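Source: prediction; values computed, not measured.
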Amino acid sequence: MNRREFLLAAATAAVAAPALSFSGRLFAAPASTPRFLLVFLRGGYDCNNLLIPYGSDFYYESRPTLAIAKPDPYNANSAIGLDDHWGLNPVLRDSIYPLWQKRQIAFVPFAGTDDMSRSHFETQDNIESGEPSGARSDYRSGFMARLSSQLTHAPSIAFTDALPLTFQGSKQDIPNISLRGNTKPVYDDRQAAILAGMYRDTSLASAAADGLELRQTVSKELQEEMMKANRGAPNAKSFADETQRIATMMRDQYRLGFVDVGGWDTHVNQGSTTGQLANNLANLGKGLAAYADALGDEWNNTTVVVVSEFGRTFRENGSKGTDHGHGTVHWVLGGKVNGGRIAGPQVAVNAQSLLQNRDYPVLTNYRDLLGGLLGRMWGLSGSQVQQVFPGAKPQDLQLV
């Protein structure tokens, strides 16, 4: 059994491969350094009912049951006007819209990959790899692992059950820990001592101690943090709970993070301001707002990017849902983000502009967007950006 396999077994599936290069201690990165969190919406979310092209009659013709009404101050279920062309789903009125008003979030429409497969798994892997579609040279190498190798004092972590592809291939051990659900320690002190004792005087002794230390320390600190923040009131559930826990670790310890959120494949009964998509968006918005609040002053040193493998068909289908598409909308938010705007190249939303007469075209490749954004955040050279995103043409949208 190798070190990673042991830690999966010993510290439960919630912890894999603690960063042993930190000598078994929880590493504290320098304060006030850049932080980056990638939020991956798995399933291909419907961006057209997030960022609503209310200035387009074609949108309303294409979505007889799913379209969200044009901005109307007397209709709480109408789109929230962001400019003369775009509106926001009203379920985000109390979470994401305040960030827009503070110019701390920007949306990048017509964004995505050059992958035309419309396959969840293939496109997700392409995004996590960060290599051009059809030209992947290493199927076990992810762009966030390559980014971490270009940085100093930027410890990395995945808030997932298993190490995602984007963090694979690193020369360092990158930890992953799921913060969903119960954060109580898996083992009490007696059980931890017994388990550690089983591996005393073996080659796995250090790995066992590190795995147990990480799980026990994180559990204790998170419970204390949550008790202080709650002040007796219940927290928002699911993603909002998770992001508050993530913020604790990103504020004090880590600088590169990854988390994924499922449930975005809405083929049937998708809904508009109510239903499956609206519930997911509301939950996501609450979680991101909770993350910003929990970071406190360090929100000013934080950038969050929200991506999905692709968008969905512009027209609704016969089951009052949408199918796999292509172009989507990326979110970029943070305390110092140059937000309050719709960024990047755009085209008129009409039948003529659709790709293959079905979905948004991609005008901003995610590799170019992230290459420009991450390069600006950490002052990376052109050659360093190419190490992270081979063949990319970094696009600086002046977002940070």
Considering residues, nucleotides and ligands other than [X], do more than 12 of their heavy atoms fall under 6.0 Å from its [atom1]?
X	atom1	answer
His120	NE2	yes
Lys336	NZ	no
Asp297	CG	no

Notebook entry, point to check: Relative to Phe143, does Arg146 satisfy both conditions: NZ or CZ under 6.0 angstrom from the six-membered ring centre, and within 45 degrees of the ring's axis?
Noted result: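 Negative - Arg146 is either too far from the ring of Phe143 or too far off its axis.
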
Work out which heavy atom in [X] is nearest to a heavy atom in [Y]; give both atom names and the distance.
X	Y	result
Leu50	Leu281	CD1-CD2, 4.1 Å
Trp100	Ile342	CH2-CD1, 3.8 Å
Pro394	Val385	CG-CG1, 3.6 Å
Leu256	Phe167	O-CZ, 4.0 Å
Leu163	Pro175	CD1-O, 4.4 Å
Ala278	Ser272	CB-O, 3.6 Å

Tell me, do [X] and [Y] make a side-chain contact under 4.5 Å, heavy atoms counted?
X	Y	answer
Val39	Leu284	yes
Ile157	Met249	yes
Asn338	Leu397	no
Ile174	Ser148	yes
His267	Ser319	no
Leu82	Leu88	yes
Gln398	Arg341	yes
Leu37	Phe258	no

Distance, nearest 0.5 Å, that separates [atom1] of [X] from [atom2] of [Y]:
X	Y	atom1	atom2	result
Gln124	Ser308	CD	OG	7.5 Å
Trp331	Cys47	CH2	SG	11.0 Å
Arg251	Ile246	CZ	CD1	13.0 Å
Lys286	Leu92	NZ	CG	10.5 Å
Gln384	Leu374	CD	CG	12.0 Å
Asn48	Thr328	CG	OG1	8.0 Å

I'd like to know if [Y] and [X] are part of one continuous hydrophobic network [Ile/Leu/Val/Met/Phe/Trp/Tyr, side-chain heavy atoms within less than 4.5 Å].
X	Y	value
Ile68	Leu66	no
Phe310	Tyr360	no
Tyr97	Leu99	yes
Val329	Leu355	no
Leu179	Met250	yes

Next item on the list: Would you sort out whether Asp46 and Arg63 count as a salt bridge (Lys or Arg N to Asp or Glu O under 4.0 Å), showing the intermediate values?
Entry: CA-CA 12 Å; Asp46 180 35; Arg63 298 186 165 216; 2.6 Å; yes

Next item on the list: Could you verify whether a donor N or O on one side chain and an acceptor N or O on the other, from Glu309 and Trp264, lie under 3.5 Å apart?
Entry: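 No, no side-chain donor-acceptor pair sits under 3.5 Å.
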
Notebook entry, point to check: Are Arg35 and Thr302 close enough that a side-chain donor and a side-chain acceptor fall under 3.5 Å?
Noted result: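 On atom types as modelled, these side chains do not qualify, holding no pair under 3.5 Å.
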
Would you say the side-chain atoms of [X] pair up with the backbone N or O of [Y], donor to acceptor, closer than 3.5 Å?
X	Y	answer
Arg140	Gly169	no
Gln270	Leu277	no
Ser119	Glu122	yes
Tyr59	Arg315	no
Thr364	Ala111	no
Gln386	Gly391	yes
Asn283	Asn279	no
Gln150	Leu147	no
Thr303	Phe36	no
Glu316	Thr65	yes

Next item on the list: In sequence, state the C-alpha distance, the side-chain angles, and the governing distance for Phe239 and Val261, and then conclude on side-chain contact (heavy atoms from CB on, under 4.5 Å).
Entry: CA-CA 8 Å; Phe239 189 61; Val261 185; 3.5 Å; yes

Check: Which residue, Arg118, Arg312, His326, forms the side chain to side chain donor-acceptor pair (under 3.5 Å) with Asp359?
Finding: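 The single option meeting the side chain to side chain donor-acceptor pair (under 3.5 Å) with Asp359 is Arg118.
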
Next item on the list: Would you please test Thr33 and His153 for side-chain contact (heavy atoms from CB on, under 4.5 Å) and show each step?
Entry: CA-CA 9 Å; Thr33 54; His153 303 302; 5.8 Å; no

Note to self: List the residues meeting side-chain hydrogen bond (donor to acceptor under 3.5 Å, both in side chains) with Gln104, not counting sequence neighbours, and say none if there are none.
What the structure shows: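 In terms of side-chain hydrogen bond (donor to acceptor under 3.5 Å, both in side chains), with neighbours along the sequence ignored, Gln104 is linked to Trp299.
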
Next item on the list: Please assess Val307 against Leu41 for the test side-chain contact (heavy atoms from CB on, under 4.5 Å), listing each intermediate value before the final yes or no.
Entry: CA-CA 6 Å; Val307 303; Leu41 309 183; over 6 Å; no

Next item on the list: Apply the test side-chain hydrogen bond (donor to acceptor under 3.5 Å, both in side chains) to residues Thr160 and Asn176: give CA-CA distance (whole Å), side-chain angles for both, the deciding distance (0.1 Å), then the verdict.
Entry: CA-CA 6 Å; Thr160 53; Asn176 60 279; 4.6 Å; no

Margin query: Regarding Asp260 and Arg42, does a basic nitrogen lie under 4.0 Å from an acidic carboxylate oxygen?
Written below: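 The answer is yes: the pair qualifies as a salt bridge.
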
Next item on the list: Please report the C-alpha distance between Arg358 and Asp323 in whole Å, then the side-chain angles of each, then the deciding distance to 0.1 Å, and finally whether the salt bridge (Lys or Arg N to Asp or Glu O under 4.0 Å) criterion is met.
Entry: CA-CA 10 Å; Arg358 58 177 283 159; Asp323 300 314; over 6 Å; no

Next item on the list: Quick one: do Thr113 and Asn126 satisfy side-chain contact (heavy atoms from CB on, under 4.5 Å)? Show the steps, please.
Entry: CA-CA 8 Å; Thr113 77; Asn126 277 338; 5.7 Å; no

Next item on the list: Could you tell me whether Phe58 and Phe314 have their ring centroids closer than 6.0 angstrom?
Entry: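 Yes, close enough.
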
Checklist line | Tyr366/His330 aromatic ring centres below 6.0 Å | finding: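 No; His330 has its ring centre 6.0 Å or more from that of Tyr366.
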
Notebook entry, point to check: In this structure, which one of Leu373, Val304, Val332 forms a side-chain contact (heavy atoms from CB on, under 4.5 Å) with Val337?
Noted result: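 Exactly one option meets the side-chain contact (heavy atoms from CB on, under 4.5 Å) with Val337, and it is Val332.
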
